[in-house]
2 protein chains.
Amino acid sequence: MIVAMSRYDPSAFPPFAVTVDLVVLTVREHALCALLVKRGEAPFQGYWALPGGFVRPDEGLAEAASRELAEETGLRAHSTPGQATAGAHLEQLATYGHPQRDPRMRVVSVAYLVLAPDLPTPRPGGDASSARWAPVGELLGKTPSDGVPLAFDHGQILADGVERARSKIEYSSLATAFCPPEFTVGELRRVYEAVWGVVLDPRNFHRKVTGTPGFLLPSGGTTTRQGGRPAQLFTAGGATVLNPPMLRPES
Amino acid sequence: MIVAMSRYDPSAFPPFAVTVDLVVLTVREHALCALLVKRGEAPFQGYWALPGGFVRPDEGLAEAASRELAEETGLRAHSTPGQATAGAHLEQLATYGHPQRDPRMRVVSVAYLVLAPDLPTPRPGGDASSARWAPVGELLGKTPSDGVPLAFDHGQILADGVERARSKIEYSSLATAFCPPEFTVGELRRVYEAVWGVVLDPRNFHRKVTGTPGFLLPSGGTTTRQGGRPAQLFTAGGATVLNPPMLRPES
DNA sequence: GTGTTTATCGTCAGAGAGACGACTATGATC
DNA sequence: GATCATAGTCGTCTCTCTGACGATAAACAC
């Protein structure tokens with residue numbers, strides 16, 4: 001409905017706090033991992049949580065997410081498609097606003113999803129007491145009694161972010177955001193395997209990704225850093241959508 | 001980052017207003033239409049806008065969207081998948097929070113997407129001065145100089161909602177949300193044609209939707225309301241995902 | 001009855017994916 | 001240096017699915 005002008009009087013409305021929370025995903029040692037920080041204050045003191053913080057009065061939502069990401073990891077993210085630089089991918093995930101999700105006051109949190117290549121160090125920057133990369137397999141798919149859950153509704157946010165990542169690499173070239181600027185087909189395949197938690201046939205995968213126009217650009221070089229026969233190096237091509245998509249194996 | 005406790009002091013933060021905006025889509029006369037309301041006050045007085053309103057202090061975001069939808073249209077929406085009732089489908093779309101998107105104060109708006117069967121009357125309920133169903137073809141894909149644009153950033157929100165609907169019916173059974181409880185294959189096909197703006201082959205479409213397990217349940221009856229040979233009536237089956245998906249024809 | 005409209009069933013060729021064989025080029029080990 | 005293990009790359013076969021399109025069926029209008 002169209003609200004009356006008087007309703008815009010700030011004093012007439014209890015204030016909402018608006019925050020951003022980040023689901024930062026990367027692939028480390030064949031496992032999909034999420035960045036967690038340890039909370040230093042109540043509530044949920046000592047619990048692990050997603051990084052995040054308040055949106056400042058004069059900044060946009062994506063801007064706030066990007067700033068928090070830089071504060072936590074030093075990563076420079078951008079949401080522009082077809083990135084060929086070393087930055088991470090950032091996109092809005094969803095917004096969480098259950099009235100009691102924060103016991104102190106009404107907080108509406110806009111969650112962002114970040115896909116980043118493997119970072120050298122977990123670097124607990126900012127004012128979080130500590131930070132770590134946690135394999136999402138150990139955080140998800142467990143009963144709430146297994147281990148300590150995440151603070152607030154961050155377990156749900158993380159689950160939504162992981163599902164978004166899993167489905168989005170099906171029909172987009174976003175999986176390259178997990179890779180360094182130059183990568184091999186095998187490295188890209190291991191990304192898919194880690195994110196989906198499956199094993200893919202190397203030959204069919206190779207045929208699929210090299211046969212999709214614009215997905216991969218040969219950079220000319222080769223590498224043997226994975227052992228075995230030298231593999232061709234590629235960079236991400238300009239294509240952002242995969243048509244036809246590469247669907248996850250069922251079951 | 002983890003913020004200090006003092007930052008939770010409401011007086012320390014300029015309040016954000018949180019609203020919900022609704023992209024309500026339906027199919028009328030072979031065209032995809034969106035619900036618009038005419039603004040009665042400044043700013044953008046006299047402009048068409050998406051329906052929406054403030055989130056109340058004690059209600060969740062989806063709850064607020066559902067309430068606004070009921071106030072505007074009388075529809076009872078639910079986001080539970082596999083709905084067999086006459087209600088509309090509701091899902092969160094995205095959140096828009098550019099600092100200057102509302103000239104009066106900082107407003108963060110959580111947009112929801114509603115897919116509804118054709119409603120008997122546009123029913124301008126609530127306190128909007130008037131409401132109408134507008135074909136999205138006339139609102140999108142035009143230069144900003146063609147006609148009057150929507151208020152605020154509602155043109156962008158509408159475009160995002162339409163794109164979400166277009167892509168989501170590819171791999172889900174959501175198109176049935178545009179249909180009455182009982183519908184024919186031809187009626188469902190006309191939904192796809194209206195949403196995508198294409199013409200589909202009736203025979204291939206029939207084969208695809210009747211061959212996908214769980215998509216359609218025969219209800220036993222037949223109808224001739226579309227003219228021609230009587231068509232079998234179906235209800236939406238329990239399946240929510242289409243595998244393999246039904247991809248839009250390219251270009 | 002004849003024509004029109006819509007629904008439904010079939011056929012055929014081509015694209016694409018899964019399963020898997022074969023070969024290549026490197027480093028590691030004996 | 002020969003052998004082995006590892007990973008990469010090319011090919012083949014089959015099956016499924018899709019797009020194009022012919023043909024038939026069952027209603028209504030005249």
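Labels below follow one simple rule: chain letters A, B, ... track the order of the sequence lines, proteins then strands, and each chain is numbered from 1.
- Atom CZ of residue Phe215(B) and atom OG1 of residue Thr210(B) lie 10.5 Å apart, to the nearest 0.5 angstrom.
- Listed in residue order, the members of residues 207-233 of chain B having a heavy atom less than 4.0 Å from DNA chain D are Arg207(B), Lys208(B), Gly228(B), Arg229(B), Pro230(B).
- Rounded to whole angstrom, the span from the CG atom of Asn243(B) across to the C1' atom of dT18(D) amounts to 15 Å.
- For the ring pair (Phe, Tyr, Trp, His ring centres under 6.0 Å) test, no residue two or more places apart in sequence or in another chain qualifies with Trp48(A).
- No N or O donor and acceptor, one from the side chain of Arg203(A) and one from the base of dG8(D), sit under 3.5 Å apart.
- The distance between atom CG of Asp201(A) and atom C1' of dG8(D), rounded to the nearest whole Å, is 12 Å.
- Rounded to a whole Å, the CG atom of Leu200(A) is 16 Å from the C1' atom of dG8(D).
- Tyr96(B) and Asp160(B) share a donor-acceptor pair across their side chains, judged by distance under 3.5 Å alone.
- Running 5' to 3' along DNA chain C, contacts with non-hydrogen atoms of chain B at under 4.0 Å begin and end at dT5(C) to dT11(C).
- If you measure from atom CG of Leu188(A) to atom C1' of dA7(D), you get 15 Å, rounded to the nearest angstrom.
- In this view, Arg203(A) and Asp201(A) satisfy the side-chain hydrogen bond (donor to acceptor under 3.5 Å, both in side chains) rule, not counting sequence neighbours.
- Counting to the nearest Å, the P atom of dC13(D) and the CG atom of Asn204(A) are 15 Å from each other.
- Remark: side-chain polar atoms of Thr184(A) are not paired, donor with acceptor, to backbone N or O of Ala231(A) under 3.5 angstrom.
- Atom CG in Leu36(A) sits 11.5 Å away from atom CG in Leu22(A) (nearest 0.5 Å).
- Taking atom CG of residue Leu242(B) and atom P of nucleotide dT16(D), one finds them 19 Å apart after rounding to whole Å.
- Between the side chains of His89(A) and Glu91(A), at least one donor N or O lies within less than 3.5 Å of an accepting N or O.
- Neither side chain, Gln232(B) nor Thr222(B), offers a donor N or O lying under 3.5 Å from an acceptor on the other.
- Applying the 4.0 Å criterion to OP1 and OP2 of dT9(D), one finds that His206(A) has a side-chain N or O inside that range.
- Residues satisfying the ring pair (Phe, Tyr, Trp, His ring centres under 6.0 Å) criterion with Tyr192(B), sequence neighbours excluded, are Trp196(B), Phe205(B).
- Counting only heavy atoms from C-beta outward, the side chains of Tyr112(A) and Val23(A) never approach each other to under 4.5 Å.
- Of all the residues in residues 191-198 of chain A, not one reaches under 4.0 Å from DNA chain C with any non-hydrogen atom.
- Going from atom CD of Glu250(A) over to atom C1' of dT16(D) covers 12 Å, rounded to whole Å.
- Taking 4.0 Å as the cut-off between side-chain N and carboxylate O, Arg248(B) and Glu193(B) do not count as a salt-bridged pair.
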